[in-house]
Every structure is written in C-alpha cells, then in structure tokens.
Amino acid sequence: KRIFLKRIERPLLANAAAFQAVTHKEIGDLVGQSVVEHMNLIPNGVEPFIPGDEATFRSRFDIGEDEQLVLFLGRLHAVKGLDLLVEAFVKAALPNTRLVIAGHDEDGTGRRIASQVKAFGLDDRFVFTGHLEADARRDALTAADLFVLTKDREGLPNAVLEALAAGMPCLLTPMCNVPEVEEAAAGRVTE
C-alpha cells in the first residue's frame, strides 16, 4: 500500500483539480496527504423514506407483534463485523428482542454467522432474511426499532443513511464514519 500511495496515488492527487469527499474523515485523510485545495464535502444522498408495511414484514418472517427488532441491513461480508454484532447481541440478553440480519451473503459470512448463532443455541432470537428488494427493505425499516452497523472500515454507509431517513435510531461503530449520528442525538457511536 505504501508503494501504491507513493508512486500512484500521491502523483494523481497532486494533479487533481478538485476533490470530493463523502465524510469529514475522508477530508482529514486528504489533508493528511497534503491535499488541501479545492476539497468539497458532498455526502451520499438517499431517497426520501416512504414507510413500508410492518405487518407484512413481521408475518413474512414469523415475528410477533410485541417483539422488538434490531436490524442489520447490508451485504453480508467479513468487513461488516457481524461476528461482533452477534456476540454483543447475545451478551446484551435483551428480553423479547430479535436481531434481523438482512442482506445478500457475499463471501460465506452469512453461513459462518448462522453457525455462530447455532452454537449459541439461540436460533429463535435471530432472523436471517437474505437479500431484500426495495419494498421489503422499506418494510424492514418500518418494522425495526433500532438499526445497527458494526463495520471495521467504511466510507459512508448508505444503509445508515436509509435508516436515518426512516427516523430510526442507529447504533454504529466509529469506523462507520457517521459521528453526526451522536451529534444530532440520532443514536450512539461506540466500540
């Protein structure tokens, strides 16, 4: 990576007319590389949220009306920190609460997480939905009580922006790069 930075990235940055960053962290990274002119912060955008059908989501995945839902929504990949999320959820021992893991299994992470859940003997506390199309995503965001993302590296996660647009509180790790969640009292950022 150091060779790439020195021989390719820094010369490209030195000749760029302007820079667009999606987070304040990216701006900090560019400043750290002595790139300080013509930087613009332009975060990713999301569509305005149109509420989905909570009852449809709960019925489809056999979730009771009185159960609280914690939602992970995104591709199932090793960098998403799902193993950490499962362990934290189990340790929290929240009564009458289920963790919904929604997303496409990209690299076998979903299978590993399902095995981890099975080892805890808590299959009934977890819901694996697989990939959700647009309407089903809205249904999940409408049904959930809390959105969680435990990434160990990320630019600006669209799933967090979608959850915030839905008015959902978020629990994020610092590497999600959305400190504004705490600043706006829209959730917590924690290790």
Side-chain angles (χ1 to χ4, degrees), residues 22-23 42-86 88-89 92 94 96-114 116-117 122-182 184-190:
V22 295
T23 67
I42 306 173
N44 295 344
V46 293
E47 296 285 327
F49 184 69
I50 299 168
D53 187 338
E54 177 176 355
T56 296
F57 183 80
R58 287 179 180 272
S59 174
R60 178 177 175 190
F61 295 104
D62 197 28
I63 301 168
E65 289 178 19
D66 61 334
E67 291 182 282
Q68 298 290 305
L69 298 183
V70 175
L71 175 65
F72 167 89
L73 181 63
R75 63 190 173 95
L76 309 186
H77 190 277
V79 300
K80 299 289 185 172
L82 286 167
D83 53 341
L84 171 66
L85 175 56
V86 167
F89 183 77
L94 303 168
N96 205 34
T97 303
R98 294 176 78 181
L99 176 59
V100 175
I101 299 175
H104 171 71
D105 188 359
E106 224 174 74
D107 66 348
T109 295
R111 287 190 307 276
R112 287 191 298 279
I113 296 304
Q116 181 184 11
V117 165
L122 297 170
D123 297 31
D124 61 331
R125 305 256 332 274
F126 292 81
V127 176
F128 291 88
T129 68
H131 176 74
L132 297 176
E133 293 296 333
D135 287 345
R137 287 172 68 90
R138 284 196 308 275
D139 294 348
L141 287 164
T142 300
D145 300 289
L146 175 69
F147 178 85
V148 293
L149 188 57
T150 51
K151 299 269 306 196
D152 60 4
R153 63 182 184 267
E154 179 70 71
L156 180 60
N158 279 340
V160 172
L161 301 178
E162 290 175 4
L164 291 168
M168 186 178 309
C170 295
L171 180 61
L172 311 172
T173 52
M175 291 308 293
C176 290
N177 296 315
V178 192
E180 295 86 355
V181 163
E182 275 197 352
R188 296 281 315 269
V189 177
T190 182

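Because the structure is a prediction, the values reported are computed rather than measured.
Side-chain atoms of Thr150 come within 3.5 Å of backbone N or O of Gly81 as a donor-acceptor pair. A donor-acceptor pair is defined here as one N or O able to donate and one able to accept, closer than 3.5 Å; such a pair exists between the side chain of Arg125 and the backbone of Thr97. Formation of a donor-acceptor pair under 3.5 Å by the Asn44 side chain with backbone atoms of Val22 is not found in this model. A donor-acceptor pair under 3.5 Å is absent between the side-chain atoms of Arg111 and the main chain of Asp105, judged by distance alone.
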Could you please spell out the steps behind the side chain to side chain contact (heavy atoms under 4.5 Å, CB included) verdict for Leu76 and Ile113?
CA-CA 9 Å; Leu76 309 186; Ile113 296 304; over 6 Å; no
Report the C-alpha separation of Gln116 and Asp83 in whole Å, then their side-chain angles, then the decisive distance to 0.1 Å, and conclude whether the side chain to side chain contact (heavy atoms under 4.5 Å, CB included) test is met.
CA-CA 8 Å; Gln116 181 184 11; Asp83 53 341; 3.7 Å; yes
Might you work through the side chain to side chain contact (heavy atoms under 4.5 Å, CB included) test for Leu164 and Cys170, ending with a clear yes or no?
CA-CA 7 Å; Leu164 291 168; Cys170 295; 3.7 Å; yes
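Aromatic ring pairs are classed by plane angle as parallel below 30°, tilted from 30° to 60° and perpendicular above 60°; the pair Phe61 and Phe57 is tilted.
Listed here is the closest heavy atom pair of Phe89 and Leu99: CZ-N, 3.5 Å. The heavy-atom pair separating Val160 from Phe147 by the smallest distance is CG2-CE2, 3.7 Å. Nearest heavy atoms, Cys176 versus Pro157: O-CD, 3.1 Å. Heavy atoms only, all atoms of each residue included: Val189 and Thr173 are closest at CG1-C, 3.9 Å.
Arg75 CZ to Leu82 CG: the interatomic distance, rounded to the nearest 0.5 Å, is 11.0 Å. Separation of atoms CG (Leu146) and CG (Leu71) is listed at 8.5 Å; rounding is to 0.5 Å.
Residues Phe72 and Leu85 are in side-chain contact: their nearest non-hydrogen atoms beyond the backbone lie under 4.5 Å apart. The side-chain heavy atoms of Glu182 and Thr190, taken from C-beta on, include no pair separated by under 4.5 Å.
Partners of Glu67 according to the side chain to side chain contact (heavy atoms under 4.5 Å, CB included) rule, which considers only residues two or more places apart in sequence or in another chain, are Arg58, Ile63, Asn96, Arg98.
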Got a list of side-chain donor-acceptor pairs under 3.5 Å for residues 131-145, not counting sequence neighbours?
residue : atom : partner : partner atom : Å
His131  : NE2  : Glu133  : OE2          : 3.3
Asp135  : OD1  : Arg138  : NH2          : 2.3
Arg137  : NH2  : Glu162  : OE1          : 2.3
Arg137  : NH2  : Glu162  : OE2          : 3.2
Arg138  : NE   : Ile50   : O            : 3.4
Asp139  : OD1  : Asp53   : N            : 2.6
Thr142  : OG1  : Gly52   : N            : 2.7
Thr142  : OG1  : Arg138  : O            : 2.8
Asp145  : OD2  : Leu69   : N            : 2.7

